[in-house]
Amino acid sequence: MQKPKKLNAVHVIFLIINTITGVGLITFPHDVSQVGYGGWVMPLLYGIVIQLFLLLFFKLLKYYPDLTLFQINTLLLGKVAGNVINFMIYIYAILVIYRVVQSYVHLVNLLVFQSSVTFWSIMALLFVTFSIVCKGNIISLAQYHILSFFLSIWLLLFLVTGFNKGDITHLLPLFNFTAPDLMAAFPKGYFSFIGFEFILFFYPIINNKERAYKHTSIALWVVVFMYCFVTISTIIHYSDWELQHSTYPLVNFMQEVQLSFVVRIDNLFINLWLLLVVGTTATYIWIAKNALNQMTRNEKNEKTKLLSSLGMVFILLFVPGSSGEAVGKIADGLIYFNFVLVIFPLFLLLIRRLKS
């Protein structure tokens with residue numbers, strides 16, 4: 001019997017890179033604008049914090065190399081308590097998809113079409129997501145991430161033009177922000193780095209587990225330096241006030257790029273960036289599907305599980321009035337739930353120690 005294919009180093013690296021970027025890279029310079037021109041230091045700070053979380057993750061994973069976080073939860077906490085945690089992770093995945101889709105569709109409506117195309121935009125995005133996850137395994141998802149990265153990320157090279165028109169002295173002095181500014185900006189910018197926890201769910205499918213920590217760390221620091229490059233480019237090009245009042249400074253930057261062979265480079269940028277957005281949503285719907293598999297103790301009817309999960313996202317996106325605002329506020333709390341999720345392996349390690 002042929003063994004199922006497993007993820008290699010390249011798959012691991014691009015799964016992490018593309019899951020993190022998504023919409024986050026577009027809004028990051030604005031999200032950390034409260035620290036002023038010192039915002040370009042923030043990706044390095046997030047990188048250090050997340051690297052510590054990865055150490056914690058792999059401390060747990062090395063004890064259970066053939067189990068996902070869902071399975072570890074039920075093993076250490078019992079079926080009932082473990083599935084309660086798994087259900088919370090399922091809701092977390094659904095809300096991440098909701099937040100990513102909502103942000104991207106809002107961007108499209110605001111800067112491209114200048115009119116409401118919400119329904120069809122969402123339907124198309126969710127349909128493509130369903131197709132990717134439904135018709136392939138995680139290997140196919142990883143291959144999609146590799147392709148989408150190289151098709152879209154080259155557009156960031158246009159940011160180099162800002163170095164000639166901007167003021168490089170904006171980068172000085174270093175660390176020119178206060179502790180309260182840092183505390184206010186940290187949660188906002190942290191959302192742009194959500195996605196590194198994906199390693200907890202596909203670790204058993206990795207071929208070379210001994211080097212998985214190294215490959216995950218490489219992916220993290222590629223993202224960190226991408227964010228540094230983007231933030232430095234926008235800080236040099238825009239004033240502090242402009243960064244604070246422009247939600248999408250990266251897209252605004254693209255609107256200023258003039259090319260003889262492209263009328264509006266920002267339209268091309270937003271359309272190609274859809275590839276990364278779809279990849280992020282596909283990743284989290286894969287997590288949601290596996291959460292349902294663990295809770296139901298079977299892997300049958302996966303199409304039904306995918307459709308029901310995406311249907312839940314669709315309903316949340318169109319919840320009207322005050323209820324819709326409440327859903328938005330809950331989604332904003334994802335940052336704090338993510339803090340709980342990434343620290344949770346420490347609790348599991350304590351449980352394991354007590355049981356042993």
Side-chain angles (χ1 to χ4, degrees), residues 16-17 19-54 92 95-96 98-100 102-104 106-107 110 156 159 162 166-197 220-253 273 276-277 280 325 328-343:
I16 298 297
I17 290 175
T19 302
I20 293 176
T21 50
V23 177
L25 185 60
I26 296 177
T27 61
F28 182 79
H30 169 74
D31 294 337
V32 297
S33 61
Q34 194 156 349
V35 299
Y37 292 139
W40 68 273
V41 178
M42 294 297 289
L44 301 174
L45 178 61
Y46 292 123
I48 294 170
V49 172
I50 294 171
Q51 191 70 61
L52 295 176
F53 285 143
L54 291 179
Y92 166 77
L95 289 176
V96 170
Y98 162 85
R99 178 75 180 270
V100 170
Q102 182 191 51
S103 299
Y104 183 77
H106 175 71
L107 172 63
L110 183 65
L156 295 182
L159 296 177
D167 186 357
I168 199 169
T169 60
H170 286 176
L171 301 177
L172 301 173
L174 300 176
F175 303 104
N176 58 334
F177 48 83
T178 64
D181 290 336
L182 176 62
M183 295 302 295
F186 189 88
K188 296 178 182 178
Y190 180 80
F191 179 80
S192 298
F193 278 86
I194 284 179
F196 64 93
E197 71 280 5
L220 169 63
W221 288 99
V222 168
V223 172
V224 166
F225 288 117
M226 283 172 53
Y227 277 55
C228 280
F229 173 69
V230 168
T231 309
I232 289 172
S233 301
T234 52
I235 285 175
I236 290 175
H237 193 67
Y238 294 113
S239 67
D240 190 10
W241 185 91
E242 287 174 314
L243 288 173
Q244 291 185 20
H245 291 82
S246 175
T247 307
Y248 306 105
L250 184 56
V251 179
N252 295 340
F253 196 116
W273 208 261
L276 297 183
V277 173
T280 300
E325 294 178 3
K329 291 180 179 179
I330 294 173
D332 290 339
L334 278 174
I335 296 166
Y336 303 101
F337 185 84
N338 182 271
F339 284 150
V340 176
L341 177 61
V342 298
I343 295 175

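These numbers come from a predicted model, not from an experiment. Both backbone and side-chain heavy atoms feed into the values below; hydrogens, waters and symmetry mates do not.
In this structure, CD1 in Ile50 is found 9.5 Å from CD1 in Ile194, a value given to the nearest 0.5 Å. Note: Gln244 CD to Asp31 CG = 12.0 Å, rounded to the nearest 0.5 Å. Thr21 contributes atom OG1, which lies 9.5 Å from atom CD1 of Ile26 (distance to the nearest 0.5 angstrom). For the atom pair CD1 (Ile232) and NE2 (His237), the distance works out to 15.5 Å, reported to the nearest 0.5 Å.
Phe53 has its side chain out of reach of Leu220: every pair of non-hydrogen atoms, C-beta onward, lies at least 4.5 Å apart. Here the side chains of Tyr104 and Thr280 are not in contact, with every heavy-atom distance at 4.5 Å or above. The shortest distance between side-chain heavy atoms of Leu25 and Leu276 does not fall below 4.5 Å. Side-chain contact check for Val277 versus Val100: some heavy-atom pair is nearer than 4.5 Å. Looking at heavy atoms from C-beta onward, Trp221 lies in side-chain contact with Gln51 at the 4.5 angstrom threshold. Taking the side chain as every heavy atom from C-beta outward, Leu156 and Leu250 approach each other to under 4.5 Å.
Considering every non-hydrogen atom in both Ile20 and Tyr227, the closest pair reads O-OH, 3.8 Å. Of all non-hydrogen atoms in His30 and Leu243, the two that sit nearest each other are ND1-O, 3.0 Å. Between Thr234 and Pro29, the closest heavy-atom pair is OG1-CB, 3.5 Å. Of all the heavy atoms in Tyr336 and Pro187, the pair that sits closest is OH-CB, 3.9 Å. Between Phe186 and Met42, the closest heavy-atom pair is CA-CE, 4.2 Å. Contact between Ser103 and Tyr248 at its shortest, heavy atoms only, is O-OH, 3.8 Å.
In this view, Tyr238 satisfies the ring pair (Phe, Tyr, Trp, His ring centres under 6.0 Å) rule with no residue, not counting sequence neighbours. With sequence neighbours left out, Tyr190 forms a side-chain hydrogen bond (donor to acceptor under 3.5 Å, both in side chains) with Asn338.
Here the options are Val230, Ile235, Val35, the test is side-chain contact (heavy atoms from CB on, under 4.5 Å), and the partner is Trp40; only Ile235 passes.
Below 30°, between 30° and 60°, or above 60°: for Phe28 and Phe193 the angle between ring planes is above 60°, a perpendicular geometry.
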